[in-house]
Amino acid sequence: MSFKHYLNRIVILILLVTIYSCHTSMNQSHTPKVEEEKNMPVNELDRKVDSVLNIMTLKEKIGQMNQYSGFRDFTGPVSKTSDAASKTQDIRDGLVGSMLNVRGVENVRAVQKIAVEETRLGIPLIFGFDVIHGYQTMAPIPLAEAASWDLEAIQNSSRLAAKEAAAAGLNWTFAPMVDISRDARWGRVMEGAGEDPYLGSRIATARVNGFQGNDLSDRFTIAACAKHFAAYGFSEAGREYNTVDIGNSTLYNVVLPPFKAAVDAGARTFMSSFNDLNGIPASANEFLFRDILKNQWGFEGFVVSDWASIKEMINHHYAPDDEAAARLSVNAGIDMDMESYVYMNHLEQLVEEGKVPVTIIDDAVKRILKVKFELGLFDDPYKYCDEVIEKQVINSEEMKAGALDMALKSIVLLKNENEMLPLKRGRKIAVLGDLAMDKNSVLGNWRIGAIENTAISLKEGFANYTENEVVFERGPVFVDQKAEFTQELVYNKTDTTGTAAALKAAENADAVIVMLGEHGLQSGEARSRTDLGLPGLQQEFLEQIHAVNPNIVLVLTNGRPLALPWPKKNIPAIVEAWQLGSQSGHAIAQVLHGDYNPSGKLPMTFPVDVGQVPIYYNHKNTGRPDGYNEGTVFYSHYQDAPNEPLWPFGFGLSYTTFEYDNVQVDHNYSQNQKVVVTARISNTGDLAGTEIVQLYIQDEFATTIRPVKELKGFEKVTLQPGESRQVSFELTSDQLGFFNNQGDWILENGAFKVWIGGSSQATLEARFTLEQ
Ligand code: NOJ
């Protein structure tokens, strides 16, 4: 239905009261009018939105603010009070504005048809889904992608995910998750960009741009959702859904910047978080949603709650009942209720009783309608529903190539002694480990749209490399692979049947490749851990292999930083391969054989021991830092573990080596409004390679204590052997200032340190004094 057609329908509605006779098959009558939507000035869009709003009843408006989960996939606890039949009836009654977890062209069309053809106004639904790292073709988990530090590749990966999802009928993803986290116990670190607000902000921008493109009305772009606003990554003790207690300095300088970056990039939606912040649940937090997001940042899209997070404010002991929960959330600025059922049950009465101003409802509905218009859904509600395109795009060669490219760029080389890697040709190699054969686990956690067991396993990746004699052995099985999504996985499974054969293979090999780590569902939502070691029997297995053959390459697959002091000390080569998605095995095999020189850098600190967590590079100094009061115990430390991490933020090796020198600072800030820092980087090894050059600063003294180091720039540089290049970074007020505890951005004069190098432990240092 074109918009003109739609307006006609409104007129008819006013004159004749009923429009039922006007319904025609929407599928045929809707002609896409992409061009008109594309170049529409904002006020024209507002006018269209108003013209719809003006004819809506209060009930219909509230319907737009209600989101249901579909009938098959569930990504949260299923409500006992609602079933498929009553949900369908509610759609028919115009009481639903959006669905999540309905996917595939056939399913989306069927549900859209009810909304468009059977409701009084025919307003199309918007279909949301957790397209977190791909729809059916799985890209690496977001934490792995972040390890690439490659904004172009990350944007492309999101673009492909959007394209595949849009081909499956979807038009809205619940991504990117831009929660900064310093706690590897929290399972959802796999879904974010790690611990750093600067890197996190740059990646937030790339992901929003990737999903939404330049034009939301394009056939293959979908609306993004920055989540979870705010501070979910600071859940106490890393325990999922736990309370959050952080100070203003952390809130303004660490938590909020990636969200602000998402708004600036034009993210059309936001999601509230489950946690409370200073005693106010996020889903009722006026300060977050009205004051900061909508007023201060000028966000014009809409906000969806997280799954049942509005109703769960009763469990928080904040809202005494459903009605209060609905009132508190809507007044705080949550525009759409995901699976709480409290807006649809209580908002009408709350408005009638004057407890919720109708202007708040109107504002929420306008925001939702606006995004639907921007997506082009009013012109063609079935715009994303085309079986031919679905077949062409999903799992196409384009998708596979994109997933492989991203996987290659995400791998981090953590250790490489005795020239273990790249693998020499003509050797006897044993590839061991249950996970090396696994076609499922490496798909990662958010893969509802993926087909089970479709990843290229490490074993399969080796098929292209026949110069070596390779034997494969599973070894002990440490996890029950059959465990369902909703069940707890069994980690302590002790099926050691395969151990003897694996050890024999190791003994007879020149080199052993063993893939160990976490099962794909061992990280992600509701997958917190207190132990960051190798789960189950794996450490024991690794030590057994080491006893018969120490020439080991340990390939890690995991969704979070792990604490691996024994492997770091004893295993000569360690490769961080995360959960790399559909093309995992191909990417790892290429790297191991030297067809791709790894360049990834850790986006999160790896601890020596779980007891160090939260451990992060950009911490503040204390009054008694390490090295103070030497010779005494009176400094900040542990008795039984170092302060240092296992591997620091920003760390990652290459098959070649890089050296840095000649750092220079041009610091006439008062004249140029910027400080320019340059250094020389040289490839000092024998191979071409790519390095992620990083710049860190320290504001030495300030009116609030500043971190010991802060990342403020990075650049990916590829150099041939012997080649050198000058890299240059500009530091403006945006990098040199900070938020004070009132949330004001300030720039203070004084001394700064600056480092350039290949990790957060870069030693090439310079200083300058800022004078405005
Ligand atoms: C709960 C998760 O916290 C959120 O990130 C996700 O988007 C929703 N469920 C919908 O699946």
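We count ligands from 1, going down the list as the structure has it; atoms in each ligand are counted the same way.
Looking at S582, its side chain does come within 3.5 Å of a backbone N or O of M138 through a donor-acceptor pair. With hydrogens and angles disregarded, a donor-acceptor distance shorter than 3.5 Å links the side chain of S410 to the backbone of M406. S329 contributes a side-chain N or O that, together with a main-chain N or O of S283, makes up a donor-acceptor pair within less than 3.5 Å.
Between H228 and ligand 1, a contact under 3.5 Å exists for at least one N or O pair. In terms of N/O distances under 3.5 Å, ligand 1 is not approached by E191.
Those atoms of ligand 1 with a heavy atom of R188 less than 4.0 angstrom away are 2 (C), 3 (O), 4 (C), 5 (O). Close approach of ligand 1 to D306 (heavy-atom distance below 4.0 Å) involves ligand atoms 1 (C), 2 (C), 3 (O), 4 (C), 6 (C), 8 (C), 9 (N). Heavy-atom contacts of K227 reach the following atoms of ligand 1: 4 (C), 5 (O), 6 (C), 7 (O) (cutoff under 4.0 Å). When each atom of ligand 1 is checked for a heavy atom of F174 under 4.0 Å away, the hits are 7 (O).
Ring geometry, H228 versus F274: the interplanar angle falls under 30°, so the pair is classed parallel (tilted spans 30 to 60°).
Counting heavy atoms under 4.0 Å from ligand 1, residue E339 does not touch it at all. Only the side chain of L100 comes within contact range of ligand 1, with a heavy atom under 4.0 Å; no backbone atom does. Both the backbone and the side chain of T75 come within 4.0 Å of ligand 1, judged by heavy-atom distances. No part of M177 comes within 4.0 Å of ligand 1, judged by heavy-atom distances.
Looking at Y135 and F129, their side chains come closer than 4.5 Å, going by heavy atoms from C-beta outward. You'll find the side chain of I154 stays beyond 4.5 Å of the side chain of P142, heavy atoms only.
Judged by a 6.0 Å distance limit and a 45° cone about the ring axis, K87 is positioned over the six-membered ring of Y68. Cation-pi geometry between K227 and W446 is satisfied (NZ or CZ under 6.0 Å from the ring centre, within 45° of the ring normal).
In this structure, F274 has a heavy atom closer than 4.0 Å to ligand 1.
Scanning the protein for heavy atoms near atom 7 (O) of ligand 1, the closest one is D130 OD1, 2.6 Å.
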